[in-house]
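Chain letters run A, B, ... following the sequence lines, proteins first, then strands; residues in each count from 1. We use all heavy atoms of the structure for the numbers below, so side chains are in, but hydrogens, waters and symmetry mates are not.
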2 protein chains.
Amino acid sequence: MKNNEALEQFITHMQTINRHLRSKVFDQQPDSLTRVQWLLLRHLNRNGTRTIGQLAVHLDVRPSTMSQMIDRLEKSKLVYRESSQPDARVKNVALTEEGKDLIKRTEALWMEALNDSFDQFTKQEQSELISYMERLTVQLNKNMRN
Amino acid sequence: MKNNEALEQFITHMQTINRHLRSKVFDQQPDSLTRVQWLLLRHLNRNGTRTIGQLAVHLDVRPSTMSQMIDRLEKSKLVYRESSQPDARVKNVALTEEGKDLIKRTEALWMEALNDSFDQFTKQEQSELISYMERLTVQLNKNMRN
DNA sequence: TAGTATTATATAGCGTTACTAAATAGGCTG
DNA sequence: CAGCCTATTTAGTAACGCTATATAATACTA
């Protein structure tokens, strides 16, 4: 198998799996959130309060984009902004109780479906897979710095 | 490592790596294409002519969305539609020469950057990683059918 | 074969995403 | 303190993505 072919297969699988991660069909939950909003809320739920800038970096969008996304989520009462210290320019974003409830309600089915597939691997296989991906992540992030 | 934690790490890495796959920063090419347009064009370049419906399934969007995306790419003279047989309703989409040129010009750097990271693995590791992802893909697609 | 149901795509409308440009306020440095 | 940089906001615009609807083509059934 030539290298280009291996890489191409990898890319294809990556894109396929990621579509599952993003798919609203996947979790089969009827709600009014967009895919991106859902992912953003989940990220906040898992990782806690984040600044606008951090969230923008995380999703690889401009801070202005993130600010406007947070506007809409604030309007929906799913997140709130609060000022931060020691830098008064920074705004932290956190989930409201309503936001937390929503994620909890909708995440379980999503996780379960992913787990159904992930569970086919042994513990060792899981570790190995994660190790590969971590190595890739590290290297890709390095390349981004160059 | 608890199962939920392993899965969470996997998800995080997946999302990080995929952001690289999608990032226009990643390929550092100045052009007027959006990320989604670029991915779509590349898909056509690699896989040849596809129907609107097929493309919609591939990107997990509605056919109407895809039709309008193709409208814009047709307007830019990067793709063209042509009727298909034996079903007269079906429209095939193919790259123009201009579209092909553009992808060729922009893809090399993108592939090279990915390869820089992928190359850290031995051939055996690559095969193993791809095998894991294939197993995941198959299982996830099965779950979608249920 | 006629009528009905289903399917592939197109079109329009609307909210969201994502970018750029510009602005404001805060922080840092010489 | 002035100038420069930074974090976020606001506005404008094109693209994305959905729903609703329409049209034409195909498939199915009595």
To the nearest 0.5 Å, atom CD of A:Gln37 lies from atom CD1 of A:Ile70 at 9.5 Å
So, is B:Arg62 close to the D:dT19 phosphate, meaning a side-chain N or O under 4.0 Å from OP1 or OP2?
yes
Expressed as a whole number of angstroms, how long is the span from B:Trp38:CH2 to D:dA14:P?
25 Å
Whether the side chain of A:Asn45 engages the backbone of A:Leu41 through a donor-acceptor N/O pair (distance < 3.5 Å, no angle test) should be reported.
no
Considering only heavy atoms of chain A and a distance under 4.0 Å, specify the first and last nucleotide of DNA chain C in 5' to 3' order that meet this criterion.
C:dT16 to C:dG27
Look at the side chain of B:Arg89 against the base of D:dA25 and say whether a donor-acceptor pair falls under 3.5 Å; ignore hydrogens and angles.
yes
Counting distance only, does the side-chain N/O of B:Thr12 pair as donor-acceptor with the main-chain N or O of B:Glu8 below 3.5 Å?
yes
Does a side-chain N or O of A:Ser67 approach OP1 or OP2 of D:dT9 to a distance below 4.0 Å, or not?
yes
With respect to the phosphate group of D:dC16, does any side-chain polar atom (N or O) of B:Thr34 fall under 4.0 Å of OP1 or OP2?
yes
Separation of atom CD in A:Gln68 from atom P in D:dA7, rounded to whole Å:
18 Å
Any donor-acceptor pair under 3.5 Å joining the side chain of A:Thr51 to the base of D:dT8?
no
So how far off straight is the helix from C:dT1-D:dA30 to C:dG30-D:dC1, going by the axes through five pairs at either end, to 10°?
30°
In whole Å, I'd like the distance from the CD atom of A:Glu74 to the P atom of D:dT10.
10 Å
Among all residues two or more places apart in sequence or in another chain, which pass the side chain to side chain contact (heavy atoms under 4.5 Å, CB included) test with B:Asp101?
none
